[in-house]
There are 2 protein chains.
Amino acid sequence: MSTRDRILDSALALFNERGTAAVSTNHIAAAIEISPGNLYYYFGNKQEIISALFERLFTAWDETFQLPADRAPKLADFEAMIAGNYRLIWEYRFAYREMAALLRNDPALNARYLEVRRDGYQGFSELIEAFDRAGVLVRPQSKDELRALTELCWIVSELWPVNLELSGRDLDAEGINEGVSLMRHLFRPYLVGG
Amino acid sequence: MSTRDRILDSALALFNERGTAAVSTNHIAAAIEISPGNLYYYFGNKQEIISALFERLFTAWDETFQLPADRAPKLADFEAMIAGNYRLIWEYRFAYREMAALLRNDPALNARYLEVRRDGYQGFSELIEAFDRAGVLVRPQSKDELRALTELCWIVSELWPVNLELSGRDLDAEGINEGVSLMRHLFRPYLVGG
DNA sequence: GTCTATATCGCGATAGAC
DNA sequence: GTCTATCGCGATATAGAC
């Protein structure tokens, strides 16, 4: 593995364990037994390491939210996406624990995040609209209701892990299932027989 | 105002503006024109200041979530509570931006938060159960559905502000209204004529 | 590309006068 | 209760050898 990638892996592990504030560039370098000077050959400062990790997260999101190209999307596909998203958030949990603060401190990163988020939300909306058109959602519902449902789904898919951690639990397999189940409850009133 | 309170107000303003990591005890002292030494007369370290601010937040929560004692609770009371909660979260926004990270770094604070949260969730559940018993919630619904509804309401009331900020907006009056409206959408399928 | 050595800075914290 | 003065530490970052 390249030194650059080893630095990023080291930083990710330490950030997840102790938080970005408590981890210095020296710690990151020491953990993979390279010199502090060598680390600075690859990254100008700690913030650049954080940004690079966010970029890895964004790329992984792109892959997670791919729909099957050969057939119409089903609710089960959606649930699989959400579960995949939760696994990703767990992998980059430091980012979610400090997200709002990290973005505030780095306008460039914030702009990039907003871009990624906008596209993500767009895809998310279209997916739910596709379910609606396909007749998966059947209860009497207005545009307004559909928009609220989308917003609520988004919040659960993005912030359920934080909520779980705030309640004192880890995002393990059981936690992931509960999050998906909660999402199901959100849809339930709008499904056939719900 | 007491020096202790002035320190806390100063810290709150600076934390909200720059985040806890970027604010030192020196900054907090300088902002109210007292010496660094004087600050340490009141607080042993920065973490104690953070804990004291959380304690103020907990107290304010207690007051926000008081129900009218003289009559049965209505949905409008609930919505007023949620709006009050949002205003409080805005006042202590630094805490929510870094909540998970701050709690992880301070086991004592985490234990205290879990206690407060447990009690809060308990009151929250009982309120929704009271609505159910009073016939406000009418759709066919199981214990399981009621539990999910409670959990979802909690998540929206706690994490809507973070979600709003992550989308690039502030928790102003309009943002608060949107959060309350989202809560209404959550209840809607379970209301008469919903 | 990686190292050693080092400069600079500011934070957290304390001692002791008033 | 508040101040001044200061110590020690560790973090970021750079220079220059290999």
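By the 30° and 60° cut-offs, the orientation of the rings of B:F94 relative to B:F15 is tilted.
Out of D:dT12, C:dT14, D:dG1, the shortest distance to the side chain of B:Y40 is found at C:dT14. In this structure, of D:dC3, D:dT4, C:dG1, it is D:dC3 that holds the atom nearest to the side chain of B:N38.
Of all the heavy atoms in A:L164 and A:S167, the pair that sits closest is O-OG, 2.7 Å.
Atom P of nucleotide D:dC3 and atom CG of B:L39 are separated by 11 Å, given to the nearest angstrom. Going from atom CG of A:N26 over to atom C1' of D:dG10 covers 8 Å, rounded to whole Å. Between A:H27 atom NE2 and D:dT12 atom P there is a gap of 9 Å when expressed in whole angstrom units. One interatomic measurement links the two molecules: CZ of A:R18 to C1' of D:dG10, which rounds to 14 Å at whole-angstrom precision. The distance between atom CD1 of A:I32 and atom C1' of C:dT2, rounded to the nearest whole Å, is 12 Å. What separates CZ of A:R4 from C1' of C:dT2 is a distance of 17 Å, to the nearest Å. A straight line from CD1 of A:I7 to C1' of C:dG1 spans 11 Å, rounded to a whole angstrom. To the nearest angstrom, C1' of D:dG1 lies 12 Å from CZ of B:R6.
Contact annotation: B:Y41 side-chain N/O to D:dG1 OP1/OP2 distance is under 4.0 Å. For C:dG12, one of the phosphate oxygens OP1 or OP2 lies less than 4.0 angstrom from a side-chain nitrogen or oxygen of B:K46. Proximity of A:T3 to the phosphate of C:dT2: a side-chain N or O atom is located under 4.0 Å from OP1 or OP2.
For the pair B:R93 and B:W90, the cation sits on the ring face: its NZ or CZ lies under 6.0 Å from the ring centre, inside 45° of the axis.
With a 4.5 Å cut-off on side-chain heavy atoms, B:Y42 and B:E48 do not count as touching.
Here B:Y190 and B:F131 keep their ring centres 6.0 angstrom or further from each other.
Within 4.0 Å (heavy atoms only), B:N45 reaches sugar-phosphate atoms of the nucleic acid but no base atom. Using a 4.0 Å heavy-atom distance criterion, B:S35 is classed as a base contact.
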